[in-house]
Every structure is written in structure tokens, then in C-alpha cells.
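One structure below.
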Amino acid sequence: MNIVITGASSGLGAETAALLAAEGHRVILGSRSIQKLKEVKKRIQSEGGSCEVYALDVTNEQSCVQFMKQAEENNGSVDILINNAGAGTFKKIEELQAVEVEEMLSVNVTGVHNMTKAALPYMKARDQGKLLFISSLAGKIPSPKASVYAASKHAVIGYARAVRMELAGTNVNVSIFYPGPIDTPFLDKADKTGNYRSRLGRMMLTVRETAVAVGKLTEKKSRESHLPKVGFLLSVLYQTAPKIVEKAAGKQFQKK
Ligand SMILES: NC(=O)c1ccc[n+]([C@@H]2O[C@H](COP(=O)([O-])OP(=O)(O)OC[C@H]3O[C@@H](n4cnc5c(N)ncnc54)[C@H](OP(=O)(O)O)[C@@H]3O)[C@@H](O)[C@H]2O)c1
């Protein structure tokens, strides 16, 4: 299959690309840093995989349109779009800078819409395809210092579910993935003090196990998937009784 992955120059996107390419898929990768993308491509090709890379800024609608056009024209079709590009800053509300807020909303929300909008006409015309949205457990369970990040990942859920409803009756499938904290450069950018990373300790998912879960989701028609699996139960509990969970797990919410 031909699989587009946004935000593939680092972390989960890069690891998922390597894994899917090793399984025989052709991966088409985009992010702003073409230099970093070329390094990912080198790794994939050295492992015998098939890969192409293009510069992409998901916050720019025209960049997304151009990216999808190239991906479609050079490969015949794109079977799966993985909306993975993301940004986060973990700070108290009074400390968040306007530029940080703008980055989280434009990459995590507008960017997801721009790429989905750019990919959909091709998938709908063929009546085939899959959209995979990388949300976060933060999209279901918010926490202090992650107000805007959590809001942006909650937005991904609302957006993806609405897309799914718009696509009812077609063969274009929508899946949403909710991972907990993953050991990627994301954590160092989100909290420059390093406190969050050190407090997480063994609670962090490895990037490999997370990529494996994303890989599995590309093969299935599952609506939603959580990692770790207990994230599902925790999120149901939180949606059902937020007051009780916030009281009972008070300290667990203070890791950032
Ligand atoms: N790490 C975690 O703890 C965690 C937990 C749950 C969910 N997630 C989600 O998982 C996804 C991947 O995160 P990660 O941990 O792999 O983070 P990461 O290592 O920081 O990678 C983020 C990727 O997004 C790309 N990106 C940022 N802005 C972009 C833009 N405007 N246009 C195109 N690409 C852009 C970056 O590439 P360039 O800089 O080259 O553009 C980079 O490749 C994100 O959606 C994140 O919210 C992460």
C-alpha cells in the first residue's frame, strides 16, 4: 500500500514509517525539515524499504494540496493518510505565549483539517482509503499545564468523528489513535525543564511499541485504539465521573 505520514521527520512518524516500509509498504513522508526527512529516508532505504519525502507545512493549505498532488501523481494512489504531525507546549495558562498557543492549534487542528481536505477528493473519487488520526490520551483526559494541548487533541476527536459521519456509506475508513506519553523528542520540546520526562519514568511508551500499534491500526477498520489499553478504561471512567477521578487521582495529574 501507499501510505502518507505527516510529521515523519522525528519520533512516532519516523518510527512508523520505518516499520511500515519494512513490512513492504511504500511510505510517502512530509514535514517542514527536508533535511531530517532525508535522514529518515536513508534509514528506510538502508533497510530495503521504499520511501519518498517532500517538504510539507500542514498549517499551510496550499502546501497540503501540493503535497497530496505529488504523492498521488508519483504513486498512482494514496491508500492511507496518517495525520501524525503534532506540537505541544506544557505550561500553566498564564505562562503560555501566544505563539505557542497558535502553534498547537494550527498544527494539531487546522493542520489535520488541511491534510484531510487535501486527501479526501482522491479517496472519495476511488471510494477507497483510510484516514488515521493520531490524537492522544490527552484528548480524552486533560491535565494541568496541558490546557491548550488537551483542547487541540480533544478537537481532533470531534473532527475525526465528524469526518467519519460525513463518509458514512463510502469505503473510506476513519480510525483514531490515543497514545499515552511516548519517549520521543516531543517531550523535550513540550517541557524544556525535563521534569515531566523524569517524573514519567517507566510510564513512558517506547516509540517502537507505539509505532507497532499504529501499524496494526492501518490493517484494521477499528474506530478507535488506545495505548496502553487501560487508557480506554481510564477515559471511560473520566468521562463518566470526572469529579471523582480528579479527586482520587489528584497527584497523577500533577506530573507535568
Ligand atoms: N510524544 C508523546 O508523548 C505523545 C503522546 C501522545 C500523542 N502524541 C502525538 O503523536 C504525534 C507525533 O508526536 P511525536 O511524539 O513523534 O513528536 P515529535 O518527535 O516532536 O515529532 C513531531 C513531528 O511533527 C512535525 N511537524 C511539526 N509541525 C509541523 C508542520 N507545521 N507541518 C508539518 N509537520 C510538522 C515535525 O517535523 P518538522 O519539525 O520537520 O516539521 C515532527 O516530524 C503528535 O501528533 C503528538 O501530538 C505524542
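Whatever order the structure lists ligands and atoms in, that order sets their numbers, starting from 1. Computed from a predicted structure; not experimentally measured.
Distances shorter than 4.0 angstrom do not occur between any heavy atom of E15 and any atom of ligand 1. A heavy-atom separation below 4.0 Å is found between D57 and ligand 1. The shortest heavy-atom distance from A190 to ligand 1 is not under 4.0 Å. Judged by the shortest distance from any of its heavy atoms, P185 lies inside the 4.0 Å radius around the atoms of ligand 1. Judged by the shortest distance from any of its heavy atoms, A87 lies outside the 4.0 Å radius around the atoms of ligand 1. At a 4.0 Å cut-off, not a single heavy atom of Y178 sits close enough to ligand 1 to count as contact. A14 does not count as a contact of ligand 1, since none of its heavy atoms falls under 4.0 Å from the ligand.
With ligand atoms numbered from 1 in the order given, ligand 1 contributes 3 (O) to contacts under 4.0 Å with heavy atoms of P181. Shown in contact with Y149 at under 4.0 Å from a heavy atom are these atoms of ligand 1, numbered in order with element: 7 (C), 8 (N), 9 (C), 46 (C), 47 (O). Short contacts between ligand 1 and L56, defined as distances under 4.0 Å to a heavy atom of the residue, involve ligand atoms 32 (N), 33 (C). Interface of L12 with ligand 1, defined as ligand atoms under 4.0 Å from a residue heavy atom, comprises 16 (O). Those atoms of ligand 1 that come under 4.0 Å of a heavy atom in S136, given as number and element, are 6 (C), 7 (C). Each of the atoms 18 (P), 20 (O) of ligand 1 lies under 4.0 Å from some heavy atom of K189. If you number the atoms of ligand 1 from 1 as listed, the ones under 4.0 Å from a heavy atom of L187 come out as 3 (O). Shown in contact with G7 at under 4.0 Å from a heavy atom are these atoms of ligand 1, numbered in order with element: 23 (C), 24 (O), 25 (C), 42 (C), 43 (O).
A donor and an acceptor atom, one from each side chain of T116 and N83, are located under 3.5 Å apart. A donor-acceptor pair shorter than 3.5 Å can be found between the side chains of K256 and S143. N171 and D127 form a side-chain donor-acceptor contact under 3.5 Å, judged by distance and modelled atom types alone. For the residue pair S9 / S31, a side-chain donor-acceptor distance below 3.5 Å is found, with atom types taken as modelled. Side chains of H154 and K140: no donor on one and acceptor on the other come within 3.5 Å.
Salt-bridge formation is detected for the pair E224/R161: a Lys NZ or Arg NE/NH1/NH2 atom is positioned less than 4.0 Å from an Asp or Glu carboxylate oxygen. The pair E100-K91 meets the salt-bridge criterion, with a side-chain N (NZ, NE, NH1 or NH2) lying under 4.0 Å from an Asp/Glu carboxylate O. For R43 and E39, the salt-bridge test fails: no basic side-chain N is under 4.0 Å from an acidic carboxylate O.
With hydrogens and angles disregarded, no donor-acceptor distance shorter than 3.5 Å links the side chain of R26 to the backbone of S50.
Considering only residues two or more places apart in sequence or on other chains, K117 meets the salt bridge (charged side-chain N to carboxylate O under 4.0 Å, His left out) condition with E61.
Sorted by first and then second residue, the ring-ring contact (aromatic ring centres under 6.0 Å, His included) pairs involving residues 61-83 (not counting sequence neighbours) are Y54-F67.
Ligand 1 has an N or O atom lying under 3.5 Å from an N or O atom of S33, backbone or side chain. For the pair T184 and ligand 1, the shortest N or O to N or O distance falls below 3.5 Å.
Of all protein heavy atoms, the one closest to atom 41 (O) of ligand 1 is R32 NE, 2.7 Å. Among all non-hydrogen protein atoms, the one lying nearest atom 48 (C) of ligand 1 is I182 CD1, 3.8 Å.
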Derivation of the ring pair (Phe, Tyr, Trp, His ring centres under 6.0 Å) call for F133 and F177: CA-CA 6 Å; F133 294 86; F177 182 53; over 10 Å; no

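Taking all heavy atoms of F133, F186, F177, F67 into account, the minimum distance to atom 17 (O) of ligand 1 is reached by F186.
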